[in-house]
Asks: 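The structure that follows is given in the form of structure tokens.
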Amino acid sequence: MDTPAPTPGPAPLPRFPADFLWGVSTSAHQIEGAVGEREASVWDAFTAREGVVRDGSTAEVACDHVRRYREDVGLLAGLGVGAYRFSVSWPRVNSPGGIGFYDRLVDELCAAGVRPVATLFHWDLPAGLDWLERDTAERFAAYVEVVAERLGDRVERWITLNEPAEHTLFGHALGVHAPGRALLFDALPVAHHQLLAHGLAVRALRAAGAARTGITNSHGPTWLASDDPADTEAAAFHDLLLNRLFAEPVLLGEYPDGMGELMPGSASQVAADLAVISEPLDFYGINYYAPTRVGAPLNTPSEFGGIPLPAELPFSVREITGRPVTDSGWPVVPEALTELLCGFRERYGDRLPPVVVTENGCAYDGLEDTERIAYLDAHIRALHAASAAGVDVRGYFVWTLLDNFEWAEGYTRRFGLVHVDRTTRRRTPKASYHWFREALREQRRPPAP
Ligand code: IFM
């Protein structure tokens with residue numbers, strides 16, 4: 001497959017500060033492969049079930065990154081990103097010699113002048129563990145200690161968890177992701193134990209003298225279906241679940257709207273846990289994809305990004321019309337990123353640490369991916385608008401480097417700047433890769449006198 005010629009993008013992007021961190025993100029389970037060389041994870045067990053992944057695929061080989069990581073670091077260096085956000089697989093670290101892979105990866109990144117940003121948990125829990133158990137949080141902290149000890153001298157930033165809300169909601173409340181439990185509101189202990197794991201991990205990282213530490217949550221504005229009080233109430237509930245439940249314990253040291261009473265343990269235990277969970281952070285990671293339009297329940301199942309939602313939920317998701325949609329069916333609404341960031345700044349004021357957008361991207365097919373260029377261009381401008389409005393934004397990471405295993409969607413959604421052939425795993429940079437490289441080059445150019 002031939003690399004397309006660079007496609008001219010729209011007008012030059014606005015300038016960001018010289019120390020702004022530009023990067024791309026990936027996650028272990030979605031790209032690594034080499035599953036036989038590590039312990040099993042909940043995702044291995046889940047994808048072995050019939051009918052849970054759209055194309056029936058697994059991540060057994062994925063992008064074969066464990067074997068091709070040098071080539072992938074070459075792609076990052078060629079792109080000219082300052083940083084690379086990857087995740088460390090807990091099951092791999094548990095396996096003999098497993099951490100050596102990350103040691104080599106981090107060395108390769110440093111040698112290429114790309115700063116490593118490590119996420120410690122991106123959904124691939126060791127198969128024997130369970131977030132319903134409190135003990136998993138303590139085990140997580142012990143694993144984090146091992147990783148920090150080995151990589152702490154070179155990792156630039158640490159992210160404890162990736163999107164605990166989605167892991168709770170999709171994996172434990174709705175059952176469409178691993179471990180495949182559909183517990184609805186009985187999944188709340190999973191939220192609390194992940195948050196506790198986050199706080200314990202921050203303490204373990206600091207004790208190990210590690211560099212800057214944060215968490216990554218996925219957020220997006222909740223838009224009202226109408227001004228009707230029933231819709232307003234339903235939207236507030238959606239906002240609570242997606243935007244507040246995982247942010248406020250971390251930023252404010254409290255659960256929103258009395259949710260603390262629903263968490264496992266006595267009131268004094270939950271209060272003590274919140275003191276751990278709210279350890280001050282160096283940055284707050286936000287993944288943004290799209291807003292959600294929400295109304296009162298309709299008594300019929302609705303959908304969220306292609307995921308069926310049960311009718312028992314106290315809200316329903318409505319279509320956002322008049323917008324282009326990506327191959328995932330998500331509406332393209334760049335200005336909602338400005339709205340989100342300004343809204344967070346307004347809601348949390350000085351309790352909000354500097355923000356890093358740790359994921360933003362879209363699924364489109366093809367090497368001449370002009371839609372992706374338009375998407376990224378518009379979102380980077382929206383980010384700049386938030387920064388101009390006073391939000392302290394320090395970095396932006398594109399999701400993602402390589403077309404990869406998109407969880408329950410298998411390989412049917414291509415989010416990469418680089419195309420990966422499903423049979424040969426050959427990498428081919430797309431037009432968006434060339435566009436992003438030029439945009440980064442422009443950012444590095446000294447400003448005109
Ligand atoms: O692929 C995922 C990633 O693992 C977490 N954030 C959203 C991405 C796109 O769905």
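The chain is numbered in sequence order, starting from 1. This structure is a prediction, so every number in the text was calculated from the model and none was measured. Note that ligands are numbered from 1 as they come in the structure, with each ligand's atoms numbered from 1 the same way.
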Asks: Walk me through it: do D72 and R68 pass the test salt bridge (charged side-chain N to carboxylate O under 4.0 Å, His left out)?
Replies: CA-CA 6 Å; D72 294 338; R68 297 171 193 244; over 6 Å; no
Asks: Between ligand 1 and Q30, is the shortest N or O to N or O distance under 3.5 Å?
Replies: yes
Asks: One thing to verify: whether R293 and E319 come together as a salt bridge, which I'm taking to mean a side-chain N less than 4.0 angstrom from a carboxylate O.
Replies: no
Asks: Tell me whether W330 reaches ligand 1 (any heavy atom closer than 4.0 angstrom to a ligand atom).
Replies: yes
Asks: Just checking H177 against F46, ring centres under 6.0 Å apart?
Replies: no
Asks: Could you check whether R427 pairs with D403 (Lys NZ or Arg NE/NH1/NH2 to Asp/Glu carboxylate O, under 4.0 Å)?
Replies: no
Asks: Among all protein non-hydrogen atoms, which one is nearest to atom 8 (C) of ligand 1, and what is the separation to 0.1 Å?
Replies: Y289 OH, 3.5 Å
Asks: Before signing off on this row, confirm whether E163 and ligand 1 have an N or O atom pair separated by under 3.5 Å.
Replies: yes
Asks: Considering only protein heavy atoms, which is closest to atom 9 (C) of ligand 1, and at what distance to one decimal place?
Replies: E406 OE2, 3.3 Å
Asks: Do any nitrogen or oxygen atoms of W123 come within less than 3.5 Å of a nitrogen or oxygen of ligand 1?
Replies: no
Asks: How does H122 reach ligand 1, by side chain, by backbone, by both or by neither, if only non-hydrogen atoms under 4.0 Å count?
Replies: side chain
Asks: Honestly, is R422 close enough over Y411, meaning NZ or CZ under 6.0 Å from the six-membered ring centre and within 45° of the axis?
Replies: yes
Asks: R85 pairs by side-chain hydrogen bond (donor to acceptor under 3.5 Å, both in side chains) with which of T400, N162, T26?
Replies: N162
Asks: Give the residue, atom name and distance (to 0.1 Å) of the protein heavy atom nearest atom 6 (N) of ligand 1.
Replies: E359 OE1, 2.5 Å
